[in-house]
Amino acid sequence: MPAYLTVFIVLFCLQANSQTTRFFVSAHQDDWQLFMNPNVYESIKSAEDTTVIIHTTAGEAGSGMGNDAYYKAREEGSLAAVRFLSNTYGSGKNLGAEMERSYVDLNGHPILRYAYRNTVIYLLRLPDGSGQGHGYALHDCKSLEKLFLEEINLLKSIDDTTVYENKDDLINTLKALVQQEQKDNAIEFHLADTDRTVNPGDHSDHQTSSHFFQEVAHDLGNNSLYLYVNYYTASLPVNCTEQNTVMSAATWGVTTAKIADHRHYSTWDDDHISWIGKQYYRKEIIPNK
């Protein structure tokens with residue numbers, strides 16, 4: 001008997017489940033807007049549910065830190081996009097740009113957490129591993145992929161707030177994060193599809209972040225995986241409704257505006273626009289252990 005059931009889906013929106021915590025794992029701060037939207041939008045709109053966006057890497061492409069550093073620009077883009085989506089529904093006075101900011105201790109590691117209404121964003125700020133997982137010289141060529149394959153130990157966040165001793169240390173930390181936000185809700189994990197025949201040419205950080213969280217999902221049991229096609233959607237037809245395509249384009253516009261505000265090139269370009277209005281994913285059911 002298989003360990004899980006697989007359901008293939010090429011649809012636009014989530015089916016609403018009451019009291020659900022959805023974890024959208026976005027290796028870089030501008031992945032979810034292009035590959036997991038409008039599902040993120042539908043989740044944020046569901047006031048009784050919790051939406052958790054987890055950025056595993058700093059997405060800094062091997063650059064350093066500073067006031068206008070690339071990692072910071074991308075973070076601000078993601079945070080602004082969350083506020084935008086949260087403020088597209090409901091009535092009355094909205095919350096503005098202020099977000100609840102804190103560091104949460106998870107498995108002995110302080111991790112930056114933002115909250116805005118029913119949405120939570122975690123920033124682990126691990127080194128960008130480059131497209132092939134080779135890493136960058138600034139970070140001793142270390143990467144998530146190398147940690148997962150146990151080729152390295154001691155992977156440090158780029159802001160020097162914490163160091164993960166090994167693969168198991170990071171998995172246990174991610175598990176603690178999930179348990180922190182789950183409460184008594186049902187769980188969904190939204191990840192990059194690691195089937196290369198379905199999702200070819202993907203980034204190492206996308207794939208490895210998914211592998212880490214799939215281990216967490218199978219270890220916890222009783223949850224659902226939503227596995228998304230990423231870069232390859234550029235070659236696939238638009239499959240979102242006109243309304244959702246407009247919303248996704250607006251979300252990307254907010255994201256890239258913040259990136260430009262921090263003196264980096266705007267990513268409102270043909271390459272990125274080719275992903276808008278497309279959302280392809282399949283579902284796997286993880287049974288109770």
Side-chain angles (χ1 to χ4, degrees), residues 14 16-59 71-72 74-90 94-126 157 159 161-162 170-192 209-210 212-213 216-217 220 223-226 228 251 254-255 258:
L14 295 172
N17 295 314
S18 60
Q19 301 299 303
T20 300
T21 300
R22 298 187 182 91
F23 296 90
F24 291 88
V25 178
S26 177
H28 309 123
Q29 304 92 323
D30 52 8
D31 291 337
W32 66 263
Q33 301 92 317
L34 295 170
F35 310 125
M36 298 178 178
N37 219 12
N39 277 356
V40 173
Y41 172 60
E42 294 296 331
S43 184
I44 290 175
K45 279 203 309 182
S46 182
E48 71 272 17
D49 297 334
T50 301
T51 301
V52 182
I53 297 173
I54 302 165
H55 295 305
T56 52
T57 81
Y71 87 95
K72 188 64 175 176
R74 296 178 92 179
E75 287 182 357
E76 291 298 327
S78 180
L79 297 175
V82 165
R83 296 193 300 269
F84 165 70
L85 291 181
S86 183
N87 289 319
T88 57
Y89 67 93
N94 289 318
L95 299 183
E98 293 75 24
M99 305 180 79
E100 179 186 325
R101 184 182 187 274
S102 62
Y103 276 90
V104 180
D105 187 279
L106 299 170
N107 191 39
H109 298 282
I111 300 178
L112 183 57
R113 178 185 187 271
Y114 284 87
Y116 197 83
R117 285 201 182 94
N118 63 334
T119 304
V120 175
I121 305 95
Y122 279 95
L123 300 166
L124 274 67
R125 291 178 172 170
L126 293 171
S157 63
D159 57 3
T161 56
T162 195
L170 181 53
I171 287 175
N172 289 332
T173 302
L174 298 177
K175 191 186 303 182
L177 187 160
V178 170
Q179 293 168 330
Q180 168 94 3
E181 300 296 341
Q182 175 190 3
K183 305 178 179 65
D184 294 323
N185 294 354
I187 305 177
E188 294 176 6
F189 292 99
H190 295 252
L191 314 167
S209 297
S210 181
F212 269 107
F213 272 92
V216 171
L220 293 174
N223 54 71
S224 302
L225 302 183
Y226 289 74
Y228 293 76
T251 305
V254 170
T255 302
K258 276 295 180 181

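Below, each value reflects all heavy atoms present in this structure, side chains not excepted, and no hydrogens, waters or symmetry copies.
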One should read off an interatomic distance between Thr251 OG1 and Leu85 CG, to the nearest 0.5 angstrom, of 4.0 Å

Q: Look at the rings of His190 and Tyr226 and say which category their plane angle falls in: under 30° parallel, 30 to 60° tilted, over 60° perpendicular.
A: parallel

Rounded to the nearest 0.5 Å, the CG atom of Leu191 sits from the OH atom of Tyr228 at a distance of 9.0 Å

Worksheet entry | Pair Gln19-Asp184, side chain to side chain contact (heavy atoms under 4.5 Å, CB included): steps then yes or no | CA-CA 8 Å; Gln19 301 299 303; Asp184 294 323; over 6 Å; no

Notebook entry, point to check: Do Arg22 and Asn185 meet the criterion of a side-chain donor-acceptor pair at a distance under 3.5 Å?
Noted result: no

Looking at Leu34, is its backbone amide N or carbonyl O close enough to the side chain of Asp30 to form a donor-acceptor pair, meaning the two atoms are under 3.5 Å apart? no

Separation between CG (Leu220) and CZ (Phe213), nearest 0.5 Å, reads 10.5 Å

Applying salt bridge (charged side-chain N to carboxylate O under 4.0 Å, His left out) to Asp31 and not counting sequence neighbours gives none

Nearest heavy-atom approach of Ala80 to Lys258 is CB-CG, 3.6 Å

For Arg74 and Gln29 the tightest heavy-atom approach is O-CB, 3.2 Å

Interatomic distance, CG@Leu79 vs OH@Tyr114, rounded to 0.5 Å, equals 5.5 Å

Here the gap from Gln33 atom CD to Phe84 atom CZ, rounded to the nearest 0.5 Å, amounts to 11.5 Å

Keeping the roles fixed (side chain from Ser26, backbone from Trp32), state whether a donor-acceptor pair exists under 3.5 Å. yes

Without hydrogens or angle criteria, can the side chains of Tyr71 and Asp159 be said to hold a donor-acceptor pair below 3.5 Å? no

Less than 4.5 Å apart, any side-chain heavy atom of Gln180 and any of Leu106?
yes

Nearest heavy-atom approach of Leu124 to Ser157 is O-CB, 3.7 Å

Value for CD1 (Ile187) from CD (Gln179), rounded to nearest 0.5 Å, stands at 8.0 Å

Between Asn39 and Phe24 the two heavy atoms that sit nearest each other are O-CZ, 3.8 Å

Shortest non-hydrogen pair, Thr21 vs Glu181, comes out as OG1-O, 3.5 Å

Tested for side chain to side chain contact (heavy atoms under 4.5 Å, CB included) against Asn107, the lone hit among Thr173, Ile171, Leu177 is Thr173

Side chain to side chain contact (heavy atoms under 4.5 Å, CB included) with Arg117: of Asn87, Thr50, Ile44, only one passes, and it is Asn87

List the steps and the verdict of side chain to side chain contact (heavy atoms under 4.5 Å, CB included) for His55 and Glu75. CA-CA 9 Å; His55 295 305; Glu75 287 182 357; over 6 Å; no

In terms of heavy-atom contacts, Thr56 and Ala27 come closest through OG1-CA, 3.3 Å

